[in-house]
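As the structure lists them, so they are numbered: ligands from 1, and atoms in each ligand from 1.
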Amino acid sequence: MKVPKPSYETMEKIIEVLRYGSGAKGCVPIKSAHVSGVSYANIKEAGMEFLEDVAKSGVKVKVATTTNPGCAEIGARSNRYGLDKELIENQRRIVRALEKIGAEATLTCTPYECRRVGFGEHVAWAESSAVAYANSVLGARSNRESGISALASAVTGKTPLYGMHVAKNRVPKARVEVEAGELDEARMGALGYLLGAKLGSEVAFLSGVGRCDKTKIKCLLAAASTAAPVSLVHVEGVTAEEEWAGKLAPRRAEHTIGMEEIEEQREKLSFDSADPDCALIGCPHLSLEELARLAEENSGRKFGKPAFLFTSRRVAELARRKGYAGKLERSGASILVDTCVMWSGLGRLGLERPATNSAKACFYLRNAMGLKPKLCSARDCLGA
Ligand code: F3S
């Protein structure tokens with residue numbers, strides 16, 4: 001099969017094929033795009049050359065475009081764990097290609113920490129956890145784009161008008177009652193995973209979770225969108241459209257989830273090793289507030305094992321200026337940017353039993369990397 005040379009027309013065609021396939025009558029202009037499929041570890045030589053061809057074609061993005069994490073740190077400290085030099089250079093080639101078309105090398109799965117996203121704004125984002133956050137917490141409108149469809153939207157400035165872009169598709173089809181008291185972020189992730197497993201892509205209205213900070217809601221949504229193609233969960237008292245959604249949700253709860261079921265799910269995701277050999281926190285990437293809290297909670301302590309904290313270069317820079325990064329590093333943590341919790345440096349360091357507070361990370365560390373992760377709160381991961 002002959003692959004057409006990338007050009008503006010090719011990107012228009014991709015959008016047209018999607019529009020036709022989805023049954024959408026037209027397209028809607030978007031305010032931003034978030035492109036995934038930019039990690040050399042996933043896209044390898046063929047994907048890298050494709051992005052370089054796109055850049056050579058001269059196409060430019062029409063809207064603010066952010067990028068998902070790669071597989072290595074690419075800044076000055078990129079080689080501190082002895083990663084393969086060729087892998088780092090290839091990751092840099094990908095980033096150069098993306099920058100040439102006008103995308104910003106944010107290299108993060110939390111693009112909402114890089115620019116303000118307005119309520120009701122249409123966006124075309126890839127990265128399932130970011131899409132679920134945008135729809136649920138910010139009240140923006142995005143389908144779960146692939147790397148290529150997000151790129152085509154970035155270049156053309158539009159996306160087909162279907163799915164989460166249409167108000168009636170955002171009405172909850174199921175009500176789920178949680179009867180479990182206050183949950184930590186690891187158990188919120190287990191709850192999110194259960195939700196995805198029970199409801200698939202159906203939009204749910206979740207009540208009874210109580211107080212829910214940013215870490216918890218991120219862990220819930222990231223896990224739900226790992227278990228199933230979930231794009232939107234309305235959470236009573238927490239998410240952007242919960243008042244509207246609560247009135248339209250079915251009156252009777254289709255499912256009631258209690259602590260026993262959540263704990264069972266946590267145990268299924270976790271190896272529960274008694275002696276984790278490191279801590280991995282930041283899946284999705286840590287925000288400035290989360291880093292501030294970790295710095296505060298662990299002030300003056302020394303971590304008993306290697307602790308890796310994942311965030312974006314932008315947030316890391318802010319955390320450095322505010323002094324949070326320095327505090328955490330003095331406790332023994334390493335702050336990694338540009339890359340993801342599936343970072344290949346762990347293998348180099350011979351680490352196999354990471355503790356993480358993210359159910360999404362647990363799922364992938366176990367199933368894609370063959371490690372033995374333990375799912376527990378950040379406090380337990382860091383041995384407080
Ligand atoms: Fe982000 Fe990687 Fe987790 S992209 S959501 S840190 S698996």
* In one Ile/Leu/Val/Met/Phe/Trp/Tyr side-chain cluster, 4.5 Å: Ile217, Val233 -> yes

* Asked: Can the positive tip of Arg353 be found less than 6.0 Å from the middle of the six-membered ring of Phe271, inside 45° of the ring normal?
  -> no

* Structure fact -> For Ser129, the atoms of ligand 1 under 4.0 Å from one of its heavy atoms are 5 (S)

* To do: Using a strict 4.0 Å cut-off to heavy atoms of Lys360, name the atoms of ligand 1 that fall inside it.
  => 5 (S), 7 (S)

* Examine all N, O or S atoms of Cys109, backbone included, and report whether one is under 2.8 Å from atom 1 (Fe) of ligand 1. => yes

* Any heavy atom of Ala361 sitting closer than 4.0 Å to ligand 1? -> no

* Judged by non-hydrogen atoms, does Ala222 sit under 4.0 Å from ligand 1? -> no

* To do: Run the salt-bridge test on Arg93 and Glu52 with the 4.0 Å N-O cut-off and return the result as yes or no.
  => yes

* Taking side chain as C-beta onward, heavy atoms only, is Tyr133 less than 4.5 Å from Lys214? -> yes

* Would you mind checking which non-hydrogen protein atom is closest to atom 6 (S) of ligand 1, with the distance to 0.1 Å? => Val341 N, 3.6 Å

* Within the stated cut-off of 2.8 Å, is an N/O/S atom of Cys340 closer than that to atom 2 (Fe) of ligand 1? -> yes

* Where's the contact between Cys283 and ligand 1, heavy-atom distance under 4.0 Å: side chain, backbone, both or neither? -> both

* Is a side-chain donor-acceptor pair under 3.5 Å present for Tyr40 with Glu45? -> yes

* Just checking, is any N or O donor in the side chain of Ser270 or Arg366 under 3.5 Å from an acceptor N or O on the other one? -> no

